[in-house]
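Some notes on the structure that comes next.
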There are 2 protein chains.
Amino acid sequence: MLRKAGLRPTRQRMALAELLYGRGHRHISAETLHDEATLGRVPVSLATIYNALHQFTEAGLLREVAVDGTKTYFDTNLGEHHHFFVEGDNEVIDIPDGAIGVGAMPEPPPGYEISRVDVIVRLRRLKA
Amino acid sequence: MLRKAGLRPTRQRMALAELLYGRGHRHISAETLHDEATLGRVPVSLATIYNALHQFTEAGLLREVAVDGTKTYFDTNLGEHHHFFVEGDNEVIDIPDGAIGVGAMPEPPPGYEISRVDVIVRLRRLKA
DNA sequence: ATTTGTGCAAATCGTTTGCATCTGA
DNA sequence: TCAGATGCAAACGATTTGCACAAAT
């Protein structure tokens with residue numbers, strides 16, 4: 001998988017790939033991934049985590065999700081879909097495919113093309 | 001206007017309000033506003049800029065636009081609308097009202113309510 | 001052997017905070 | 001007068017970078 005993406009399968013990258021793709025889709029931040037790697041007896045430096053996340057993203061293995069807050073999240077789900085974002089908890093949740101539909105697409109300004117459309121449904125926790 | 005929002009009309013806040021609302025709608029970052037204020041012979045400290053932007057936002061005079069995580073943009077357009085975001089230039093552009101429509105709204109997970117829906121259409125500059 | 005990746009620590013960026021000083025009602 | 005606002009500089013958290021060392025082809 002890494003080889004196919006043009007990335008050398010190093011010990012660290014393989015361990016990270018395992019964490020990322022080992023069990024279903026995930027939304028993960030650099031910090032979280034670093035913690036998981038460290039706990040999972042594969043100490044990887046933070047710099048390497050960032051390198052890997054960006055390389056994976058460039059290689060099309062991950063997708064960056066810009067929600068809010070100061071953190072960057074990476075999504076292992078590459079399919080067309082959108083996100084819930086829980087304000088306060090900074091939690092990202094997939095919106096089931098088809099549960100939301102973007103209607104008419106606006107015409108991009110001249111000289112530009114649409115690269116992607118992101119829909120973020122912000123959630124607030126109900127009191128009581 | 002400031003008074004109505006429960007904010008003391010100080011010299012700085014009035015100058016910033018003038019810059020923000022003086023000529024049409026704007027998408028502005030703290031840094032940009034700071035530069036404008038400084039150039040406009042009203043030196044305001046960066047800390048005060050941040051204070052003002054957040055207070056204006058809380059008072060409902062501004063809206064925070066989360067596009068790319070690294071920088072925070074504030075929008076003087078309070079109406080229902082969405083945004084184009086030019087990758088690379090980090091430029092935010094309003095999508096004309098009605099040019100985009102969000103269809104079926106997903107059911108929020110139990111215990112949560114929808115606070116807002118943001119649509120961001122990411123643009124890439126056409127080469128050539 | 002050569003290229004590429006890794007780790008560490010220092011550096012950067014946007015933003016926030018503590019605190020002493022000022023200012024508007 | 002005096003609560004509230006401002007400015008400065010230091011503190012911050014997330015991310016990036018420079019460079020010596022290690023590992024993959």
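So you know, we letter chains A, B, ... as the sequences are listed, proteins then strands, and number each from 1.
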Check your understanding: Taking the side chain as C-beta and beyond, is there a heavy-atom pair between A:F85 and B:D118 under 4.5 Å?
Key ->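 No, their side chains stay 4.5 Å or more apart.
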Review point. Are B:L123 and A:P109 side-chain neighbours, meaning at least one heavy-atom pair lies under 4.5 Å?
Key: yes
Take the protein atom [atom1] of [X] and the nucleotide atom [atom2] of [N], then report the distance between them rounded to whole Å.
| X | N | atom1 | atom2 | answer |
| --- | --- | --- | --- | --- |
| A:L2 | C:dG5 | CG | C1' | 13 Å |
| B:N51 | C:dC22 | CG | P | 18 Å |
| B:L7 | D:dT6 | CG | C1' | 14 Å |
| A:I49 | C:dT6 | CD1 | P | 10 Å |
| A:L46 | C:dG5 | CG | P | 19 Å |
| A:M14 | C:dT6 | CE | P | 12 Å |
| A:L33 | D:dA14 | CG | P | 15 Å |
| A:Q12 | D:dA22 | CD | C1' | 10 Å |

Residue [X], side-chain atoms from C-beta onward, closest of [options]:
| X | options | value |
| --- | --- | --- |
| A:S45 | C:dG7, D:dT6, C:dG14 | C:dG7 |
| B:K71 | C:dG7, C:dG14, D:dA9 | C:dG14 |
| B:T10 | C:dG14, D:dT25, D:dT6 | D:dT6 |
| A:T48 | D:dC8, D:dA14, C:dG7 | C:dG7 |

For a quick test of reading the model: is some side-chain N or O of [X] closer than 4.0 Å to OP1 or OP2 of [N]?
| X | N | answer |
| --- | --- | --- |
| A:R8 | C:dT6 | no |
| B:R11 | C:dG24 | yes |
| A:Y50 | D:dT15 | yes |
| B:R13 | D:dA5 | yes |
| A:T70 | D:dT15 | no |
| A:Q55 | C:dT4 | no |
| A:H34 | D:dA14 | no |
| A:H54 | D:dT16 | yes |

Study note, to complete from the structure: Of B:R124, B:K127, B:R125, the one forming a salt bridge (charged side-chain N to carboxylate O under 4.0 Å, His left out) with A:E113 is B:R124
Review point. Which of parallel (below 30°), tilted (30 to 60°) and perpendicular (above 60°) describes A:H83 and A:H81?
Key: perpendicular
Review point. Any idea how B:F56 and B:Y21 line up, ring-wise: parallel (<30°), tilted (30 to 60°), or perpendicular (>60°)?
Key: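 It falls in the parallel class, under 30°.
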Exercise for review: To the nearest 0.5 angstrom, please state how far the NZ atom of B:K71 sits from the CD atom of B:E31.
Suggested key: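 Interatomic distance, B:K71 NZ to B:E31 CD, rounded to 0.5 Å: 4.5 Å.
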Review point. If you find the nucleotide of DNA chain C closest to A:V44 and the one closest to B:T72, which residue's nucleotide is nearer the 5' end?
Key: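 Here A:V44 is the residue nearer the 5' end.
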